[in-house]
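I have placed the structure first, in the form of structure tokens, so that the comments after it can refer back to it.
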Protein chains: 2
Amino acid sequence: MAIPKLTTLELRIMEAVWKLGPCSVREIQEAFPATRRPAYTTIQTTVYRLETKKALRRAKKISNAHIFEAVLSPRAARGRLVDELLSLLGGGPSLLMAHLIETGKLTRDDIAEAEEVLARFEQNEFEQEEKSK
Amino acid sequence: MAIPKLTTLELRIMEAVWKLGPCSVREIQEAFPATRRPAYTTIQTTVYRLETKKALRRAKKISNAHIFEAVLSPRAARGRLVDELLSLLGGGPSLLMAHLIETGKLTRDDIAEAEEVLARFEQNEFEQEEKSK
DNA sequence: GCAGAACTACTATCGATGTAGTAGAAACTA
DNA sequence: TAGTTTCTACTACATCGATAGTAGTTCTGC
């Protein structure tokens, strides 16, 4: 199980930990908006499950509370999500792009930005290659 | 409930119906690859659920079998998926694009294509506006 | 018309997920 | 140190989704 599949709540918890850094269950809970804040034990249970999935781990203990830290990186987790979607949409990114455009979510600026990212990325790849020579 | 949320199996079934047009449970089942083909009644149960969700409806009856047809369009269903992902990723499409680029799934060609789609789309929008005058 | 095939409608099960309660230990606090 | 707070560890439970079995009805080929 390379990258674990996360559910919605699990993902929200991971987001909190990524943002806060190593933290306690209580801190995670309080990171949720006051409205729609799950019970303490709901967060706790889900944190435990994330531990089982190796997405979080106990880093240390402060007084009587465990401090959890992320094992899974945001990149990996988000990547998993995107790949999941692509496989559901069947294959390549074109359907995805098309939808984004047609719903106005992808603007000319976004595309320009994408080009830049791609350029930077390719440059980086190139440097990696050079270095490895 | 504007656009129903579909699960993996439900989506696969919808894909089959979109492809086949109005069809029977049996036909849907046979649209699955012989390996990994769920039991007839598994498909049946899920088709019934899709009916409840108003994604499919019984169009007619041929001999003793119901013929189902799609109510939900591929566009709407896929759009729902994409929107879901965007909300999980939090906000705009940039994180999404970045991931696609970094994993090599989005190439220069894809971006060029996106630009074209965008151009066509905008042209279309413009024509709609003109027409409505 | 009857035997077997196909289909429907219903029921059942299992694991995952979201939700949260409880008992008891540990740690502050007055 | 005794009361209160906080946390852990465990348990409970409802819902959903994937899975499929069964009983009974309806066709169909001979």
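Bear in mind that the values here come from a model prediction, so they are computed numbers and not experimental data.
- Nucleotides of DNA chain C lying under 4.0 Å from heavy atoms of chain B occupy a range whose first and last members, 5' to 3', are C/dA6 to C/dC10.
- In this view, B/R78 and B/E15 satisfy the salt bridge (Lys or Arg N to Asp or Glu O under 4.0 Å) rule, not counting sequence neighbours.
- Residues B/R58 and B/E51 are paired through a salt bridge, judged by an N-O separation under 4.0 Å between the basic side chain and the carboxylate.
- In this structure, the salt bridge (Lys or Arg N to Asp or Glu O under 4.0 Å) partners of B/E122, at least two apart in sequence or on a different chain, are A/R108.
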Item to check | B/E30 and B/R37: CA distance, side-chain angles, deciding distance, salt bridge (charged side-chain N to carboxylate O under 4.0 Å, His left out) verdict | outcome: CA-CA 8 Å; B/E30 280 167 0; B/R37 175 177 296 166; 5.5 Å; no
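- Taking a heavy-atom distance under 4.0 Å as the criterion, the stretch of DNA chain D touched by chain B extends 5' to 3' from D/dG17 to D/dT28.
- At the heavy-atom level, B/R12 lies nowhere under 4.0 Å from the strands shown.
- Here A/N124 pairs with nothing under the side-chain hydrogen bond (donor to acceptor under 3.5 Å, both in side chains) rule; sequence neighbours left out.
- Of the residues in residues 38-46 of chain B, those lying under 4.0 Å from DNA chain C by heavy-atom distance are B/Y40, B/T41, B/Q44.
- Legend: residues meeting side-chain hydrogen bond (donor to acceptor under 3.5 Å, both in side chains) with A/H99, ordered by chain and number and at least two apart, are absent.
- Counting only N and O atoms by type, the side chains of B/Y40 and B/Q44 include no donor and acceptor under 3.5 Å apart.
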Next on the checklist: salt bridge (charged side-chain N to carboxylate O under 4.0 Å, His left out), that's the test. Do A/E69 and A/K60 meet it? Break it down for me.
Outcome noted: CA-CA 9 Å; A/E69 70 183 5; A/K60 54 180 176 176; over 6 Å; no
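- Using a 4.5 Å cut-off between side-chain heavy atoms of Ile, Leu, Val, Met, Phe, Trp and Tyr, B/I62 falls into a hydrophobic cluster with B/I67.
- Applying the side-chain hydrogen bond (donor to acceptor under 3.5 Å, both in side chains) criterion to A/T107, with sequence neighbours excluded, gives A/D110.
- A heavy atom lying under 4.0 Å from DNA chain C marks the following residues of residues 63-87 of chain A, by number: A/S63, A/N64.
- Scanning for salt bridge (Lys or Arg N to Asp or Glu O under 4.0 Å) contacts around B/E84 gives B/K5, B/R80, with sequence neighbours left out.
- Remark: B/R26 engages B/Q29 in a side-chain hydrogen bond (donor to acceptor under 3.5 Å, both in side chains) (not counting sequence neighbours).
- At a threshold of 4.0 angstrom between heavy atoms, the contacts of A/R49 include nucleobase atoms, whether or not backbone atoms are also involved.
- Considering every non-hydrogen atom in both B/C23 and B/V17, the closest pair reads SG-CG2, 4.1 Å.
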